[in-house]
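Only a predicted model underlies this, so the values are computations on that prediction, with no experimental measurement involved. Order of appearance sets the numbers: ligands from 1, and atoms from 1 within every ligand. One-based numbering along the sequence shown.
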Amino acid sequence: MASITIYDGAESIGGNKIYVEDGGRGVFLDFGMNFARRNAFFDEFLSERDGRGIHDLIKLGMIPRIDVYRRDLIPSDLDELVPSFSRLRPEAVLLSHAHLDHSGNMGLLDPAIPIMASATSVAILKAMRDVGPADVTQDVAYISLRKREGNGLFLKTDRKEAYKGRQFCCPEGCRSELCDFLSDRPGSGGKNTKAFDGCGICEELSLPFEVKSYNVNHSIYGALAYVLRSDEVSIAYSGDFRIGDDAKQLPDFMREAKNASVLIIEGTRAGREGDAEVTEPMVYDTCRAAVEDTKGLIIADFSSKNFERLETFRRIAGETGRQLVVTAKDAYALYAMECADGVCRTKGLLVYDEISDKTRRKYETDTLASKCPIEYVGHRQIHDDPDRYILCFSFFDMKHLLDIWPEGGSYIYSACEAFTEEQEIDFVKLKNWLDFFKIRPHGFRFTDDGLVFEKGYHASGHASLRELAFVIDKVDPDALIPVHTENHKWFAENWGHVRPVKNGEMLTL
Ligand SMILES: [Zn+2]
């Protein structure tokens, strides 16, 4: 008998952890971080203690009590609790895409569990691990093993053990450049550095379901939807998607998913009546007008993983006599994706040479310098010639303006709207920075009613109401399970066969 258990993500936007089982064998669809739950307890200066492994997350109910986690993340005070967790043996995690609300808890998983993902997603995960801080949320592509200290309550990084690579399976295959990228860690192999044996790559996994994957359009490259089939059932999972402008493969997904036993679909924008349907070409038009209207420096603020938006600004820069300036981390992620799909995305880009006491990081000095040479631009050059650049910065980069010292210019906010009070406070601070340098904001403004976002500067990565309805009607499943949503009601009001599943609930098929 087949069943679906949604361990998380049923009633929140993100945190998807969906276990699908048939005849006692199962796979996870995503294993993401639930940011709503995390933000309920934690803050910038109060976070889960890395040295306590999974302790804090388990105790606060931020991850489910199931026996799937890394042994080295279990401190001694959980020794008695863990055996009571339900024992699951997932044969793989099928990752839809590399946003943290879908992938952010995968670093906690037993590395014996292989990960199926698009080559692009694997490249992004590896790049994030190479450049990121060494905490467990980043331990997806490879892990840094911990060992117990003293009474075993504190888990310390094992300095002697090599980094352990995870096993990946890319349905569309893996280019040799990506295999090379996955087998090397910048800096490893040197003196006083831990060894790295590389990630494993397998061509095919023997799974309890026949699995087919489909590229879908989302605000990150490499997003997949899946259709799982066994003798008894067919389960379609949309991941995060939008139809957008060129969803060439969505029709294939809908054809394969047609009359599925179950459609598990995201509903981020469900119930948001009047939500503007902004597309990427519209964003291009709006942002280009703002650039043309500006004398002086332009700062473009968009999500670091929204590579499509980066292309939009690169195009605008090229057409308005400017050059796009990104961070070294951004350039490294672009290089990683090139390894996956062969598309060169770094040509013509400049990297901001920030003032720092560290020598450049290994991913810059080793990998980027040898494989993908990039040109740097410093604060003086930008100060002297601000009309020549579009800087890809966000609020957290405002400190660099103290070195660049721009006079006027524009700040284009091209990302999603603030939805928490803390984020709104960041906008107040951002506005102070912009006022200080007489930089004009685009995409948001403060009115007597508070913070207002201007339309046209950002296109959502998620399906609109019309797009959700279109896909659901086309697929016409026996049962519809909304996830990644705060609005089950909208689905229930519009379709008769909705099966609202709560977190932790199992649905037998
Ligand atoms: Zn997403």
Taking the Zn ion (ligand 1) as the apex, H99 ND1 and H218 NE2 span an angle, rounded to 10°, of 90°
Near the Zn ion (ligand 1), is there an N/O/S atom from D101 that is less than 2.8 Å away? no
Of the backbone and side-chain N, O or S atoms of H102, does one lie nearer to the Zn ion (ligand 1) than 2.8 Å? no
Would you mind checking if R445 and E454 are paired as a salt bridge, meaning a charged N to carboxylate O distance below 4.0 Å? yes
Considering only N, O or S atoms of D240, the one closest to the Zn ion (ligand 1): OD2
Using the rule ring-ring contact (aromatic ring centres under 6.0 Å, His included), only one of H99, H102, H97 pairs with H484; which is it? H102
If we check side-chain contact (heavy atoms from CB on, under 4.5 Å) with P171, which of these qualifies: K212, E204, M116, E203? M116
Determine whether the aromatic ring centres of F253 and F241 lie less than 6.0 Å apart. no
